[in-house]
Colleague: 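Pasting a structure below so you can have a look.
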There are 2 protein chains.
Amino acid sequence: MTEPKIHSPATPEAAKKQPRDGKGNATIYDIAKVAGVNPSTVSRALSKPGRVSAKTQKLIQDAAAELNYQVNPFARALPTGRTNTFGLIVADITNPTFFDIIRGAQTTGTLRDYTLVLAESAESAATELTAARRMMATADGLILASPRMDDDDIRALARDKPVVVINREVEGVPSVIPDVRKGIGEAVRSLAANGHKRIAFVAGPAQSWMSARRWEGFESACEWSRLEAVRVESTKPTVDGGRQVARDVLSTGATAVLAYNDLLAIGLMQELQAGGMAVPDQISIVGFDDIFGADFTTPPLTTVRSPLGECGAGAAARLLDLLQGKGNAEPEGTLQMETELVLRGSSGRLLAAGQR
Amino acid sequence: MTEPKIHSPATPEAAKKQPRDGKGNATIYDIAKVAGVNPSTVSRALSKPGRVSAKTQKLIQDAAAELNYQVNPFARALPTGRTNTFGLIVADITNPTFFDIIRGAQTTGTLRDYTLVLAESAESAATELTAARRMMATADGLILASPRMDDDDIRALARDKPVVVINREVEGVPSVIPDVRKGIGEAVRSLAANGHKRIAFVAGPAQSWMSARRWEGFESACEWSRLEAVRVESTKPTVDGGRQVARDVLSTGATAVLAYNDLLAIGLMQELQAGGMAVPDQISIVGFDDIFGADFTTPPLTTVRSPLGECGAGAAARLLDLLQGKGNAEPEGTLQMETELVLRGSSGRLLAAGQR
DNA sequence: GCAATTTTGGCAACCGGTTGACAAGAGCGG
DNA sequence: CCGCTCTTGTCAACCGGTTGCCAAAATTGC
């Protein structure tokens, strides 16, 4: 009497189920029937090139085309564990630094037939770890861009599946980082050539690995050029943070500034200009990263370009090599990307006060 | 005698397999063994609240916690077809318009325990369709941001699984669009109040649905304010495209411009300023979208803000409602988001040539 | 205290591929 | 023409959950 199987087509349930039963979901069993072979033969024909004879291969491919078959990724993933998917975790999707990284990773991923899954950690090490764990379950590998978590946590993840880190070096885990020395060297020499004697570095977050590297590079470049390097701390690496740090920068008496990133540089420039300072006539400003919009400012921002897109692409390539068994030769080690100075209008010669 | 199961740990194969066999992959069978119940009971306890008694529930949950079990998403997806995943396809990851959309979608997705999968169509309708098809196989639903493909293609996709469209209206498919009228009305009235008589609209791509809407809104707002509206075509909706169109804009004799998007506006402003024009003294420029960086320019760009983040979030919420069976009341129809004028420095009163 | 009813847990089939083992068939030399 | 090797297709088990059906157990009513 009870008839639990009735699908009254009006219910949302029925509507939801429809697609799966409908068309477009041919299985290897359907193909096998059409081609008159065994399902496993179909499986081999479709994924192990050369394992079946040329003529059954063709037979099967035709049948597959006719039914417009596509593999069910889950069915494939279940026994193999491979998903043709990789994860990318960024600290903050809002932060333009990551845009290019995402794009680079996405592009090379697609090129090599991998799908990108994106997650955000909201700048929290805990959230980041959670997200990473979750991704590990579904993705074949993971890219961590500027991770906030411990080295140990990263290594633990890397023990499960291939992991590539961007913007940080972790012992035993392959990484892709921009080599800041060249770019910073160019920036500092350029400032020195323009007559600056004391230049300030506006630091990023205290726990940022990258900020530490940039400060190191800055210090040694200044030493080399016999300039006085002073360090100013910022509250947060954003436009707003740049605004807030303007007063501190001025009080150092520096005539040029290298900021930890472009956002800080832009905020700083805005605030200084609002206070009547002329850029670059009274103070030179150099940013870092060459993010989208760095050339929207007036004057356009001089900046040390990090090849973010290439970092993303490089990390993806690295990861995919690992996944596909290539590049076993050097499973770890650091891939250094070159940085370079992009000279625009916000840096230049200091004009004496009288010359204004 | 034959021992086919031997894993020689030295081979890369073994290394690859390791993670799956290692720790961290407890199954419901393991839990069942520990808790002394049947696997199916475990399955029920974990996914059908209330289906098993409170005390076995607890028993099972403890066992699960102890083994730190996590479901294998593929195993779950295989019989059910549900993946707790949704796709987002954008035309161009480079385009900052989409950044906020991505972020909005990602955020609400994560909040509701769904994972975002991102794809890019490279502005090509064909690529877009391919990507969409591929996603359909793995995702529970799809968000199309500013899709380039035919209405028919979109409807075809929507027949398979829930689809939500952003920045376009497609009969029979739910969509989220910014209602441009309010924002454009404010912009045009503001320009009118500043004494402008003839204003130009720099159009976007010819096939863009959104560009057509913006032009319509512009025309009718101009009519309402008794201003003369002229239309200028652009080659591409980028900073570069904006530069290229500067000459055409000037030749219309318009004293104010509304651009299809901020990139065009920024390029236009750069080129005009490079040619010696003062903004806004000689020409007012208004952009569209309020993208990241719109306030980096000098003067900062006046723009009609599209609530892109909210569009992304709204579309995700809509889609997830659909997936979770909520909101059946209005499975289709358009969700309109309000636009508003963000008045910054690039628009204002026209100064007579003599007043310069 | 017993029958009727509702809970609760177990069994087994299934989702759609993959893969090791094996046997039938093809190709070959002698 | 026979026996050998190599290729090619089939069988069956498996990945890890989900779910319909049924029966045992617990609860309820009288």
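Please read these numbers as outputs of a predicted model, since none were measured by experiment. Lettering follows sequence order; numbering is per chain, from 1.
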Colleague: Of all the choices, C:dG9, D:dG17, C:dG17, which nucleotide is nearest to the side chain of B:Pro79 once you look at every atom?
Modeller: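 Per side-chain heavy atoms of B:Pro79, the pick is D:dG17.
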
Colleague: Could you tell me how far apart A:Ile60 (CD1) and D:dT10 (P) are, to the nearest whole angstrom?
Modeller: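 Rounded to whole Å, this separation is 8 Å.
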
Colleague: Counting only distance, no hydrogens or angles, is the base of D:dT7 paired donor-acceptor with the side chain of A:Arg51 under 3.5 Å?
Modeller: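 Donor-acceptor pair under 3.5 Å: no.
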
Colleague: Starting at CZ of B:Arg76 and ending at C1' of C:dG16, how long is that distance when rounded to a whole Å?
Modeller: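 Whole-Å distance recorded here is 18 Å.
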
Colleague: Expressed as a whole number of angstroms, how long is the span from B:Leu78:CG to C:dA13:P?
Modeller: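 Checked: the CG to P distance equals 17 Å.
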
Colleague: Round to a whole Å and report the spacing from CG of A:Asp30 to C1' of C:dG16.
Modeller: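 Value for this atom pair: 10 Å.
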
Colleague: Select base, sugar-phosphate, or nothing to describe what A:Ser43 touches, counting heavy atoms under 4.0 Å on all strands.
Modeller: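 The answer is base, as A:Ser43 lies within the cut-off (heavy atoms under 4.0 Å) of a base atom.
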
Colleague: Taking for each residue the nucleotide of DNA chain C bearing the nearest heavy atom, is the 5' side occupied by B:Val52 or by B:Ala75?
Modeller: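 Nearest-nucleotide comparison on DNA chain C picks B:Val52.
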
Colleague: Taking B:Asn72 for the side chain and B:Ala75 for the main chain, is one N or O donor matched with an acceptor at less than 3.5 Å?
Modeller: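 Such a contact is found between B:Asn72 side chain and B:Ala75 backbone.
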
Colleague: In whole angstrom, give the distance that lies between atom CD1 of B:Ile28 and atom C1' of C:dG9.
Modeller: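 Result: 14 Å.
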
Colleague: Please report the distance, rounded to the nearest Å, between CG in B:Leu46 and P in D:dT19.
Modeller: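 Whole-Å distance recorded here is 13 Å.
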
Colleague: Would you call B:Asp151 and B:Arg168 a salt bridge, taking side-chain N to carboxylate O under 4.0 Å as the test?
Modeller: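 A salt bridge links B:Asp151 with B:Arg168.
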
Colleague: Between B:Tyr69 and D:dG17, does any side-chain N or O lie under 4.0 Å from OP1 or OP2?
Modeller: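 Checking B:Tyr69 against D:dG17: at least one side-chain N or O falls below 4.0 Å of OP1 or OP2.
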
Colleague: Counting only side-chain nitrogens and oxygens, does B:Thr56 get under 4.0 Å of the OP1 or OP2 atom of C:dT8?
Modeller: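 Checking C:dT8 against B:Thr56, no side-chain N or O comes under 4.0 Å of OP1 or OP2.
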
Colleague: Within less than 4.0 Å of OP1 or OP2 of C:dT18, is there a side-chain N or O belonging to A:Lys48?
Modeller: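 For A:Lys48, the contact criterion (side-chain N or O under 4.0 Å from OP1 or OP2 of C:dT18) is not met.
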
Colleague: Round to a whole Å and report the spacing from CG of B:Leu59 to P of C:dG10.
Modeller: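 It works out to 11 Å between those atoms.
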
Colleague: Taking CD in A:Glu310 as the centre, count heavy atoms belonging to other residues, nucleotides or ligands within less than 6.0 Å. Is the count above 12?
Modeller: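 Open: at most 12 neighbouring heavy atoms sit under 6.0 Å from CD of A:Glu310.
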
Colleague: When we call it a touch if two heavy atoms are under 4.0 Å apart, what does B:Phe74 touch: a base, just sugar-phosphate, or nothing?
Modeller: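 Touches nothing.
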
Colleague: Picking from D:dG9, C:dT19, D:dG16, which would you name as closest to the side chain of A:Thr41?
Modeller: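 Taking heavy atoms from C-beta onward, the closest nucleotide is D:dG9.
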
Colleague: Counting only side-chain nitrogens and oxygens, does A:Asn72 get under 4.0 Å of the OP1 or OP2 atom of C:dC15?
Modeller: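 So the side-chain polar atoms of A:Asn72 never come under 4.0 Å of the phosphate oxygens OP1 or OP2 of C:dC15.
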
Colleague: Just by distance, with hydrogens left out, do B:Glu169 and B:Ser175 show a side-chain donor and acceptor under 3.5 Å apart?
Modeller: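 No.
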
Colleague: When you get a sec, tell me which of D:dG20, C:dT19, C:dT18 is the closest nucleotide to the side chain of B:Arg44?
Modeller: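 Minimum distance to the B:Arg44 side chain belongs to D:dG20.
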
Colleague: Is a donor-acceptor pair below 3.5 Å formed from side chain B:Ser40 to base C:dC11, judging by atom type as modelled?
Modeller: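 Checked by distance alone, the answer is yes.
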
Colleague: Rounding to an integer number of Å, can you tell me how far A:Lys33 NZ sits from C:dG17 C1'?
Modeller: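 In whole Å, C:dG17 C1' and A:Lys33 NZ are 16 Å from each other.
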
Colleague: So, B:Asp140 side chain and B:Asn84 main chain: donor-acceptor pair closer than 3.5 Å or not?
Modeller: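 Yes; judged by distance alone, with no hydrogens or angles, the pair exists.
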
